[in-house]
Amino acid sequence: MLEKGSEVGAHILSGAAIDPKALDELLPQWREQGCPLAEVPVTDNQHWILFKAGKVAVPHFITPKFMHNTGTYTGSLGNLCRWLASQAEELGVEIFPGFAAAEILFDESGAVLGVATGDMGVARDGTHKPDYTPGLELHAKYTFFAEGVRGHLSKEIIRTFDLARDAQPQVYGLGIKELWDIPAEQHVPGRVIHTQGWPLKETPGSNGGGFIYHQAGEQVAIGFVTWLSYTNPYLSPFQEMQRWKAHPGIAALLKGGKRVSYPKPDGVLTFDRLSSVFLSNTNHEEDQPVHLTLRDPNIPVEYDLPMFDEPAQRYCPAGVYEIVGVSEGDPKFVINAQNCVHCKTCDIKDPTQNINWVVPEGGGGPNYPNM
């Protein structure tokens, strides 16, 4: 097993309410084996509908059974992954943290032969540094790709074998997750609160919900997920923009959209993006090739900037992208790859699909502790 993070669980950011059915089947004694998930069973489950002026609690008997969280547990998914890794190693599974799968290997017939890890010690200009180590080829009878919802190798597999044919288009959601320390008197281990409504319903074309999971150690995990809807689910946002550009009036509106004015972070409940990136313990070797590649380096300034005011500088949650030099009349697209938290938002949301996320040097990226 290859793990591109510095350790198993390093890239996992999720407080979760987990149904232990699969654990019961796989490791029946997990509760007695020191699994951190066993510490906090769900003891109180609530569902709120939020309004700007307050909330309404939905009676338990009205909510669907799958939302009751009966028999579930709350905890850090990262910590659960770390514990599962230790169980796998006891069974003889070899796990290699800090090694990213960078390339798919194919045999002469075109079948998947395995993967190759990325080279280590390559400078930003492509030259080899003194500690250069070439990647390793790993051949296997079966190769299982488990890269999350937007794996860069999985994209190649889908394209190579036309796996998206006759399939519905993939739909993605943007999530915001936080870990809060709260006063002990406000903490109820095992309490779960799910919400819907305000403020997401006030945003046209969006939907979503949130959760609050009271975990161990006077911590709560808080999250929000939004889904943005488009007119035609079978067109990407860029394709839809291209379709409407044929109408001069619509094209003018697209170019002159009203800029949203957001309140400045107060440093108490809200924080700037780079401060939050710092808390993620994100680290990349700075002298390495930029892993956020551009299919055409001219598109950000020549097309995305005049058409969309280059949205990458706003949709990236880590402030990786910025446009500089506009006031001097010489705009340049800057990529601060060292800030990347590996969320793949840019790879998904870039309107021209010009940004292609590839793996950085092994071990790079966020290191989420106890999240």
Parallel, tilted or perpendicular: rings of F99 and F96 (30°, 60°): perpendicular
Shared hydrophobic cluster, I12 / Y73 (ILVMFWY, side-chain heavy atoms < 4.5 Å): yes
Distance-only side-chain donor-acceptor flag, N45 / N69, under 3.5 Å: yes
Using distance only, find each side-chain donor-acceptor pair of residues 287-300 under 3.5 Å and give its atom names and separation, not counting sequence neighbours.
residue, atom, partner, partner atom, Å
D287, OD1, R124, N, 2.9
Q288, OE1, E361, N, 2.8
Q288, NE2, E285, O, 2.8
T293, OG1, N356, O, 2.7
R295, NH1, Q353, O, 2.6
D296, OD1, N298, N, 2.9
D296, OD1, N298, ND2, 3.4

Donor-acceptor pair between H47 and Q196 side chains, under 3.5 angstrom: yes
Salt bridge (charged side-chain N to carboxylate O under 4.0 Å, His left out) assessment of R31 paired with D24: CA-CA 9 Å; R31 294 171 182 80; D24 289 337; 2.9 Å; yes
Under 3.5 Å side-chain donor-acceptor pair for H152 and K344: no
Polar contact flag, side-chain donor to acceptor under 3.5 angstrom, Y321-R314: no
For the student: nearest non-hydrogen atoms of K21 and D19, plus distance: N-OD1, 3.0 Å
Same apolar cluster: W357 and I335, side chain cutoff 4.5 Å: yes
Heavy-atom check, side chain of V112 versus side chain of Y142, under 4.5 Å: no
Sidechain-backbone polar pair: N336 side chain, V320 backbone, donor-acceptor under 3.5 Å: yes
L305 vs P331 side-chain heavy atoms within contact, under 4.5 Å: yes
Over all atoms of both residues, closest heavy-atom pair of T63 and H68: O-NE2, 2.9 Å
E39 side chain to C35 backbone, donor-acceptor under 3.5 Å: no
Co-membership, hydrophobic cluster, residues L26 and L77, 4.5 Å side-chain: yes
Under-4.0 Å salt bridge between K155 and D347: yes
Value rounded to 0.5 Å, distance of OG in S86 from CD in Q33: 9.0 Å
Distance in Å, K65 NZ paired with H60 NE2, rounded so as to fall on 0.5 Å steps: 10.5 Å
Close side-chain approach of D304 to P351, heavy-atom, < 4.5 Å: yes
Derivation and outcome, side-chain contact (heavy atoms from CB on, under 4.5 Å), residues E137 and L105: CA-CA 8 Å; E137 290 193 0; L105 304 176; 3.7 Å; yes
Shortest non-hydrogen separation from I104 to L153 and the atoms involved: CD1-O, 3.4 Å
Pairwise distance CZ(R273) to SG(C316) - rounded to 0.5 angstrom: 6.5 Å
Atom pair CE/NZ of M120 and K129 - distance to nearest 0.5 Å: 9.5 Å
V42: which of T72, I18, T70 passes side chain to side chain contact (heavy atoms under 4.5 Å, CB included): T72
Heavy-atom donor-acceptor pair, T270 side chain to D266 backbone, under 3.5 Å: yes
Short side-chain donor-acceptor distance under 3.5 Å, Q46 and W48: yes
Derivation and outcome, side-chain contact (heavy atoms from CB on, under 4.5 Å), residues V115 and L2: CA-CA 10 Å; V115 297; L2 298 178; 3.9 Å; yes
Expected output: side-chain T160 to main-chain I157 donor-acceptor under 3.5 Å: no
Pairwise distance CZ(R82) to CG(N79) - rounded to 0.5 angstrom: 5.0 Å
Stepwise side-chain contact (heavy atoms from CB on, under 4.5 Å) test for T74 and V192: CA-CA 8 Å; T74 68; V192 170; 3.6 Å; yes
Test item: side-chain donor near acceptor, H284 and E286, under 3.5 Å: no
Residue F333 excluded, over 12 heavy atoms near CZ under 6.0 Å: yes
OG1-NE2 distance between T282 and H342, expressed to the nearest 0.5 angstrom: 7.0 Å
D330 and K332 ion-paired at < 4.0 Å: yes
Nearest atoms (heavy-atom pairs only) where G114 meets T143: CA-OG1, 3.5 Å
More than 12 heavy atoms from other groups under 6.0 Å of CD on Q170: yes
L113 side chain reached by F106 side chain, heavy atoms, under 4.5 Å: no
Minimum heavy-atom distance between E3 and G5, given as atom pair plus value: OE2-N, 2.8 Å
Which atom of G121 lies closest to which atom of D131, heavy atoms considered: CA-OD1, 3.6 Å
Within 6.0 angstrom of F278 CZ, more than 12 heavy atoms from elsewhere: no
Any donor-acceptor N/O pair, Q313 side chain to E310 backbone, under 3.5 Å: yes
ILVMFWY cluster, V58 and F61 together (side-chain gap under 4.5 Å): yes
Test side-chain contact (heavy atoms from CB on, under 4.5 Å) applied to F51 and V56, step by step: CA-CA 8 Å; F51 303 93; V56 172; 3.6 Å; yes
hydrophobic_cluster_shared for V93 and V8, side chain cutoff 4.5 Å: yes
pair P317-C343: side-chain heavy atoms closer than 4.5 Å: yes
Between D350 and T352, a side-chain donor and acceptor under 3.5 Å: yes
I49 side chain reached by K55 side chain, heavy atoms, under 4.5 Å: no
